[in-house]
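These values consider heavy atoms only, across backbone and side chains, with no hydrogens, waters or symmetry-generated copies.
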Amino acid sequence: MSRRAFLVTGAAAAGALMIGVPLAAESAAAPADQPLVFAPNAFLRIARDGAVTLIVPYVEMGQGTYTSVPMLIAEELEIDLDAVTVAHAPADDALYANPIMGDQETDGSLSMRAAWEPMRRAGATARQMLVAAAASVWGVDAAMCQARDGAVFHMPTERRIGYGDLVDRAATLPVPHDVPLKTGGFRLIGTSHRRLDSAAKVQGAAQYGIDVRLPGMKVAAVMASPVLGGWLAALDDRAARKIGGVRNVLRIDDAVAVVADHWAAAKKGLDALEVAWDDGPNAAFSTAALFADLEMAGSEAGVPGPSAGDAAAGLARSAHIIEASYRLPMIAHAPMEPLNCTVHLHNGRCEVWIGTQAATRAQAAAATAAGLPIEKVEVHNQYLGGSFGRRAESDNVTQAVLFARQVDHPLKVVWSREEDTRHDFYRPAYLNVLKAGLDASGRITSWAHRVVGPSPLTRWLPAAIRSDGLDPDATTSAVGPYAFETVQVAYVRRESPAYRSGFWRGVGTTHNAFVVESFMDELAATARIDPLAFRRMHLADDPRLRAVLDLAAEKSGWGTPLPDARAGERTGRGISLIQDFGGTILAHVAEVTVDQRGSTRVTKVTSVVDCGKVINPDTIAAQIQGGAIFGISAALYGEITFSNGRVEQGNFDSYPAVRMDEAPRITVHIVESGTAPFGVGEAGTSGIGPAVANAVFAATGKRLRHLPITPEALGG
């Protein structure tokens, strides 16, 4: 959002001062003897009793948004964070669009970057208006008044008026523009604060999408075609209808739902169905066929990406040329809360209760499925029980509305864990082809990297695709944070109609970071140079990069002996360095133990992050730790495979995640720089895989060019 974004204000019908920083808005007209009514296009509401409510346009899915965003407003409004109540924003692009993305969505590690100025400005504007209102009450110069602790004080006399007593008068004042923001002396920003949503979650009071209860509501368990593009051919539901609690069996082209009084009956009824599917055109699809196709496409030149100098000349003067192909599997999101959506069609309207990263996309999907204009669809957003990109999609909204159109009561549609795993928008499979040249001293003279795979961005944000077809997300971080003499990056787009690709926690960086950081280790080994020193000699001229890498070496004890391993076990230490998400720099140093069977255990992770301006250090540390655990799960276990068009994994028995007793000790060190925050939600995930793989090489001498890290890959 630009600094010229304007603010609107007025007294709400309920009696409150509300401040908004929308992309575009108009104050509602009102009679001349009344102040303007501020419609629900605001981020900040102050009630007559002094209660402060923040309507947050960025959803809370465990990343701490509902604490860090309020910290920005509370800082400028001069109130304690505990005085803030947080509310979910309704679906409305005009008022709540992410100013970087242009629509209302929470992804890309963008929330704090997008909120940094607008949310502080909303608080500062409200504060200035409240000060002006108090000054007019007292008949004094506003410069002699100061806001603090939810009140305005007249400094010479220490008279005090609480914010709640000022809202009516403040609402009649002109809106100031370009209110100065704090540049230092922060009370909240930069300090650790407990999560505002923690108490409700611990007490079980926080409502997630799966918790929604409505009068007369029924619950549906669903089963969709196991093959993408298939459809329902035949259905025998007689056994299902005999189960106690089952009320109905519904069908659409590619799915069937059993409706019951509760989930247990619905699932039991679903299991009793006799279903025949027509698998359609993708019945023979397999993972082997997919990678064979990617390998074939890997020889294509592709669309040119970032480049520098003459790559051919760089190779020609190289003393050594190293080539490698890396393969990355499909990965599922597997959030702890399976997908769900509650729909009620009534009185020509459609109401949707869901936890979604993209409220207006969910609204549009519901409108299309219901056959209603979008203004007749209301989305009630809820807490998200994890997402990692999955809840940015709206396929389950479409499905739920199509089923809900067949009943006359509210319907909650819940996907089982297996249904969720087998009908995901997967982080795509990729093939990466690399070639690099080293001179006699071991320095890289030329770097070539060709990325082969799908383009989720083409579906999600077509305007971001370059006119020649380059997907900038597919090639992001394809060179890492390094400065090579010559660079040649290319992208070969290769789509498959047999599976759906989407964004995963870290987006394009998740695959390129693994490839680049693993290949850097290969090159360091060829040059016989320590991997950390090898990275340092190729860094761009950026003191932030060196500071992070040097601190990682210090805090991890890089170069010192590892603890003695037990008999038959091998230990190793590996490193990775990434820079992305607006400028965030992160180094992971992982320590691993590999046993006699080839099983890998990550025992310790040391992380150093520079994500610009620090808002809440606790949130940053938690995000890096959680991201690392998520990334370790993918590195050790994450792989979706297909056979006969069907996903072979289902629940956590076949698609595991790191469990508590497997989790390493993760220490996070934060380096603060700059005057604005960068993204941090996805960084921890993106860099951990290569650090673990490099540690495995240090332990075993076996180079891994594909994930996951299995005992079979290590010869176990």
Side-chain angles (χ1 to χ4, degrees), residues 59 91 93 103-105 107 209-210 212 217-232 248-259 266 270 277 280 282 332-333 335 337-346 348-382 384 387 389-407 409-416 419-426 456 458-462 497 499-503:
V59 301
D93 276 342
D103 63 357
Q104 188 178 346
E105 58 182 276
D107 51 31
I210 206 166
V212 169
M217 184 188 79
K218 303 297 181 186
V219 179
V222 299
M223 180 193 307
S225 168
V227 179
L228 185 63
W231 59 89
L232 185 63
N248 209 341
V249 178
L250 311 174
R251 64 183 76 190
I252 56 178
D253 289 344
D254 63 349
V256 60
V258 174
V259 179
L270 193 73
W277 302 99
N282 298 317
H333 298 87
E337 179 194 9
L339 291 189
N340 59 85
C341 180
T342 301
V343 180
H344 191 197
L345 289 153
H346 61 105
R349 299 187 60 81
C350 177
E351 289 188 83
V352 176
W353 288 261
I354 190 174
T356 175
Q357 292 178 242
T360 51
R361 290 183 185 244
Q363 182 186 41
T368 299
L372 292 172
I374 201 162
E375 62 269 16
K376 297 291 186 181
V377 176
E378 184 176 5
V379 174
H380 306 277
N381 216 345
Q382 312 293 313
L384 284 65
S387 180
R390 179 61 178 101
R391 285 184 160 89
E393 306 291 351
S394 54
D395 53 313
N396 67 315
V397 178
T398 297
Q399 184 196 75
V401 172
L402 291 175
F403 282 129
R405 292 184 66 172
Q406 303 176 48
V407 299
H409 52 75
L411 183 66
K412 180 197 290 186
V413 178
V414 180
W415 291 24
S416 67
E419 194 74 7
D420 200 347
T421 302
R422 292 168 180 159
H423 296 86
D424 201 349
F425 283 78
Y426 305 104
T458 298
R459 172 179 59 85
W460 187 256
L461 190 63
Y499 79 95
R500 304 183 300 186
S501 65
F503 296 120

TODO: Check the pair V379 / I354 against side chain to side chain contact (heavy atoms under 4.5 Å, CB included), numbers first and verdict last.
DONE: CA-CA 7 Å; V379 174; I354 190 174; 4.1 Å; yes

Open item on the list: N396 vs N340, test: side chain to side chain contact (heavy atoms under 4.5 Å, CB included). Steps then yes/no.
Closed with: CA-CA 7 Å; N396 67 315; N340 59 85; 5.7 Å; no

Note, [X] side chain near [Y] side chain (heavy atom, < 4.5 Å):
X: L345; Y: L372; result: yes
X: H380; Y: E351; result: yes
X: Y426; Y: R500; result: no
X: V219; Y: V259; result: no
X: Y499; Y: V227; result: no
X: P456; Y: F425; result: no
X: L384; Y: T356; result: no
X: V352; Y: C341; result: yes

Considering all heavy atoms of both residues, which atom of [X] and which atom of [Y] are nearest to each other, and what is their separation?
X: A220; Y: L411; value: CB-CD1, 3.9 Å
X: V343; Y: C350; value: CG1-SG, 3.9 Å
X: P338; Y: D420; value: CA-OD2, 3.4 Å
X: A362; Y: V397; value: O-CG1, 3.6 Å
X: L402; Y: A369; value: CD2-O, 3.9 Å
X: W231; Y: G280; value: CZ3-CA, 3.8 Å

TODO: For a side-chain hydrogen bond (donor to acceptor under 3.5 Å, both in side chains) with S387, tell me which candidate from Q357, E393, E337, H333 qualifies.
DONE: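 Of the listed options, the one satisfying the test is Q357.
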
- [ ] Could you list the residues that satisfy side chain to side chain contact (heavy atoms under 4.5 Å, CB included) with A224, not counting sequence neighbours?
- [x]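 A224 satisfies side chain to side chain contact (heavy atoms under 4.5 Å, CB included) with A255, Q399, E419, H423 only.
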
- [ ] Check the pair D107 / F503 against side chain to side chain contact (heavy atoms under 4.5 Å, CB included), numbers first and verdict last.
- [x] CA-CA 9 Å; D107 51 31; F503 296 120; over 6 Å; no

- [ ] Evaluate the side chain to side chain donor-acceptor pair (under 3.5 Å) criterion for residues Q104 and T360: first the C-alpha distance (whole Å), next the side-chain angles of each, then the deciding distance (0.1 Å), finally the verdict.
- [x] CA-CA 6 Å; Q104 188 178 346; T360 51; 4.9 Å; no

Any chance you could measure [X], atom [atom1], to [Y], atom [atom2], to the nearest 0.5 Å?
X: T368; Y: I374; atom1: OG1; atom2: CD1; answer: 7.5 Å
X: R349; Y: H344; atom1: CZ; atom2: NE2; answer: 12.0 Å
X: N381; Y: Q363; atom1: CG; atom2: CD; answer: 11.0 Å

Open item on the list: Taking the cut-offs as 6.0 angstrom to the six-membered ring centre and 45 degrees off its axis, would you call R422 and W415 a cation-pi pair?
Closed with: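 No, R422 does not sit over the ring of W415.
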
Task: R390/D395 salt bridge by N-O under 4.0 Å criterion - done: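 Salt bridge flag = yes for R390 with D395.
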
Open item on the list: One thing to verify: whether R361 and D103 come together as a salt bridge, which I'm taking to mean a side-chain N less than 4.0 angstrom from a carboxylate O.
Closed with: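 Salt bridge present between D103 and R361.
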
Task: K412 side-chain N/O to V212 backbone N/O, donor-acceptor pair under 3.5 Å - done: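 Indeed, once roles are kept as given, a pair shorter than 3.5 Å links the two residues.
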
Open item on the list: Please evaluate residues T342 and V413 with respect to the criterion side chain to side chain contact (heavy atoms under 4.5 Å, CB included), reporting the C-alpha separation (whole Å), side-chain torsions for both, the decisive distance (0.1 Å), and the verdict.
Closed with: CA-CA 6 Å; T342 301; V413 178; over 6 Å; no

